[in-house]
Structures are given as C-alpha cells and as structure tokens.
Amino acid sequence: MFKLKRNLANTKRRIALTAWAAAGMSLTFRGEVMPGRETVDRTFTVRRVLVNGRVELNGMDGQHNQQEFETAR
C-alpha cells in the first residue's frame, strides 16, 4: 500500500512539473536569453515535454527550462 501511495505522489509531482508546457505549444525565449533577436526569431514550438519539467523544441538543440521563456500573456 505504501508503494502505491508513493508512486501516486511521484506521478502527481511529474504532472505538476510538466503542466507549464505541452507538445505543439509555442514558447518565446526571453530577450535576455537571445539578445538582439526579434520576438518571431525567439519563438519555437515544443516538440516534447520531459518528465523532469524541461522541454525539447523543434529547430533548437538541447533541453530548456521554464525560466528561459517569457510568461504567457
């Protein structure tokens, strides 16, 4: 029973971490991350949301976290 509760808690934590983004969603890097680029050049589409809360983007290598992006308006 304890193991089931722990697994449920871990699942809820993973969902909470990944809730800020979803596959297919557009995200815009903050200007400080990509200085000198227009908004359209800093906007990418989410390819995949990872369990650790990071995202992979179409057309951009690596993994990125929520703090790198502008807040939704």
Side-chain angles (χ1 to χ4, degrees):
M1 185 66 161
F2 178 72
K3 186 175 182 178
L4 178 62
K5 287 183 180 180
R6 186 175 55 205
N7 287 341
L8 183 59
N10 286 339
T11 300
K12 286 180 180 178
R13 185 171 47 242
R14 283 189 205 119
I15 290 169
L17 282 172
T18 59
W20 71 274
M25 172 181 195
S26 292
L27 295 175
T28 303
F29 280 98
R30 292 175 35 202
E32 299 85 17
V33 176
M34 293 183 152
R37 294 190 184 183
E38 295 295 323
T39 302
V40 69
D41 297 328
R42 294 183 282 123
T43 302
F44 295 86
T45 304
V46 176
R47 177 178 0 141
R48 186 168 72 141
V49 180
L50 304 172
V51 175
N52 64 6
R54 291 176 168 260
V55 295
E56 292 180 347
L57 305 171
N58 291 323
M60 174 72 68
D61 291 334
Q63 299 176 3
H64 306 277
N65 63 33
Q66 185 176 6
Q67 291 76 25
E68 296 177 62
F69 300 99
E70 294 180 354
T71 56
R73 298 176 206 210

The salt bridge (charged side-chain N to carboxylate O under 4.0 Å, His left out) partners of Arg47 (sequence neighbours excluded) come to Glu56
- Message: Which residues pass the salt bridge (charged side-chain N to carboxylate O under 4.0 Å, His left out) test with Glu68, not counting sequence neighbours?
- Response: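 For Glu68 there are no salt bridge (charged side-chain N to carboxylate O under 4.0 Å, His left out) partners, ignoring immediate neighbours.
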Exercise. Can you sort out the partners of Thr43 under side chain to side chain donor-acceptor pair (under 3.5 Å), two or more places apart, ordered by chain and number?
Key: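 Side chain to side chain donor-acceptor pair (under 3.5 Å) list for Thr43, sorted by chain: Thr28.
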Measure across [X] and [Y] and return the closest heavy-atom pair with its distance rounded to 0.1 Å.
X	Y	answer
Thr45	Ser26	OG1-OG, 4.2 Å
Leu27	Ala21	CD1-CB, 4.5 Å
Val46	Asn58	O-ND2, 4.3 Å

| said: Do Asn52 and Gln63 have side chains that approach each other closer than 4.5 Å (heavy atoms only, starting at C-beta)? | reply: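 Yes. Closest side-chain heavy atoms under 4.5 Å.
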ring-ring contact (aromatic ring centres under 6.0 Å, His included) filter on Phe44, not counting sequence neighbours, yields Phe29
Report, one line per pair, each donor and acceptor closer than 3.5 Å where one atom sits in a side chain of residues 31-41; sequence neighbours left out.
unit_1: Glu32; atom_1: OE1; unit_2: Arg30; atom_2: NE; d: 3.1
unit_1: Glu32; atom_1: OE1; unit_2: Arg30; atom_2: NH2; d: 3.3
unit_1: Thr39; atom_1: OG1; unit_2: Arg42; atom_2: NH2; d: 3.2

With rounding to the nearest 0.5 angstrom, report the CD to CH2 distance, Gln67 to Trp20.
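So the gap between those two atoms works out to 8.0 Å.
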